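What you see is a predicted model; the values in this text were computed from it and never measured.
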Amino acid sequence: MLIRERAVRVPVEGIQLRIAAATGRLVNISATGALVRATEPLTPNFEYPIYLDLPADRVRLTGRVMRSSSAPSEEHILTREDYLVAVRFTEVPPIARAAVARLCGPAFTQREC
């Protein structure tokens, strides 16, 4: 039996972003990827630029969409449909890596089974 380790995911609140033409916000993040609540569905297996709007800076990295599915809006009035988009980071420049490490905290170097 193959046991796959994955990077520990950390819940995140209040971080807005842009991925391709969609806007959204981080749900959780790890050293290797993120779950995003986006305003548009994104095509699995495509790579898109991601811009994280952090308090001190806007950080750019690239991610491959692993899955994208419809999700109920978190707003009380359903004015739009949201999408949960899982991305795996494919290009993480040093500035972006440092920003992801800050968001993850100690979990940046941890793995779970």
Side-chain angles (χ1 to χ4, degrees):
M1 181 167 88
L2 177 65
I3 298 174
R4 291 182 65 174
E5 288 186 345
R6 67 179 182 192
V8 173
R9 297 175 187 153
V10 177
V12 180
E13 291 186 16
I15 303 296
Q16 301 294 318
L17 60 86
R18 176 168 289 283
I19 179 169
T23 58
R25 61 183 175 72
L26 282 178
V27 174
N28 65 48
I29 192 165
S30 74
T32 59
L35 182 62
V36 173
R37 184 172 285 271
T39 56
E40 298 180 27
L42 296 169
T43 306
N45 297 316
F46 275 51
E47 286 190 9
Y48 296 100
I50 301 169
Y51 297 91
L52 300 177
D53 292 324
L54 302 174
D57 201 5
R58 177 175 252 203
V59 175
R60 183 186 190 281
L61 50 113
T62 304
R64 177 180 301 275
V65 172
M66 305 310 290
R67 67 180 179 281
S68 180
S69 60
S70 177
S73 175
E74 290 184 339
E75 297 176 5
H76 294 293
I77 300 172
L78 297 177
T79 57
R80 69 175 204 283
E81 187 169 27
D82 284 347
Y83 299 88
L84 288 176
V85 179
V87 296
R88 174 175 295 280
F89 301 142
T90 56
E91 291 180 35
V92 187
I95 291 173
R97 181 175 170 79
V100 170
R102 281 192 305 277
L103 288 170
C104 291
F108 187 72
T109 57
Q110 296 174 350
R111 300 284 182 255
E112 62 184 29
C113 294

Student: For a quick test of reading the model, state the closest non-hydrogen atom pair linking Thr32 to Ala7 and the distance between them.
Tutor: OG1-CB, 3.7 Å
Student: Tell me whether Leu26 is reachable from Leu54 by hopping between hydrophobic residues (I, L, V, M, F, W, Y) whose side-chain heavy atoms are closer than 4.5 Å.
Tutor: yes
Student: Does Leu84 share a hydrophobic cluster with Val12, counting links as ILVMFWY side-chain heavy atoms below 4.5 Å and allowing steps through other members?
Tutor: no
Student: Would a single hydrophobic cluster contain both Leu17 and Met66, if residues Ile, Leu, Val, Met, Phe, Trp and Tyr are joined by side-chain heavy-atom contacts under 4.5 Å?
Tutor: no
Student: Examine Tyr48 and Val36 and state if one hydrophobic cluster contains both, with Ile, Leu, Val, Met, Phe, Trp and Tyr joined whenever side-chain heavy atoms are less than 4.5 Å apart.
Tutor: yes
Student: Has Arg64 got a side-chain atom pairing as donor or acceptor with Asn45's backbone, closer than 3.5 angstrom?
Tutor: yes
Student: Not counting sequence neighbours, which residues clear side chain to side chain contact (heavy atoms under 4.5 Å, CB included) with Val100? List them please.
Tutor: Ile29, Leu61, Phe89, Cys104, Phe108
Student: Verify the cluster assignment for Val59 and Val92: are they in a single hydrophobic cluster under the rule of side-chain heavy atoms below 4.5 Å apart?
Tutor: yes
Student: Does any N or O in the side chain of Arg18 come within less than 3.5 Å of the main-chain N or O of Ala21, such that one atom is a donor and the other an acceptor?
Tutor: yes
Student: Quick one: pull up CD1 in Ile50 and CD1 in Ile19 and give me the separation to the nearest 0.5 Å.
Tutor: 4.0 Å
Student: Give a yes or no answer on whether the side chain of Thr39 reaches the backbone of Gly24 with a donor-acceptor pair at less than 3.5 Å.
Tutor: no
Student: Atom CZ in Arg6, atom CZ in Arg88: separation rounded to 0.5 Å?
Tutor: 10.5 Å
Student: Any side-chain heavy-atom pair from Leu103 and Ile15 closer than 4.5 angstrom?
Tutor: yes
Student: Can a donor-acceptor pair be found, under 3.5 Å and without considering hydrogens, that links the side chain of Ser30 to the backbone of Arg9?
Tutor: no
Student: Roughly how far, to the nearest 0.5 Å, is CD of Glu40 from OG1 of Thr23?
Tutor: 7.5 Å
Student: Look up atom CD in Glu13 and atom CZ in Arg25, then write down how far apart they are to the nearest 0.5 Å.
Tutor: 8.0 Å
Student: Tell me, do Val85 and Val87 make a side-chain contact under 4.5 Å, heavy atoms counted?
Tutor: yes
Student: Could you work out, with side chain to side chain contact (heavy atoms under 4.5 Å, CB included) as the rule, every residue matching Ser70, not counting sequence neighbours?
Tutor: Glu81, Tyr83
Student: Give me each pair satisfying side chain to side chain donor-acceptor pair (under 3.5 Å) with a member in residues 52-63, each pair once, sequence neighbours excluded.
Tutor: Tyr51-Arg60, Asp53-Arg58
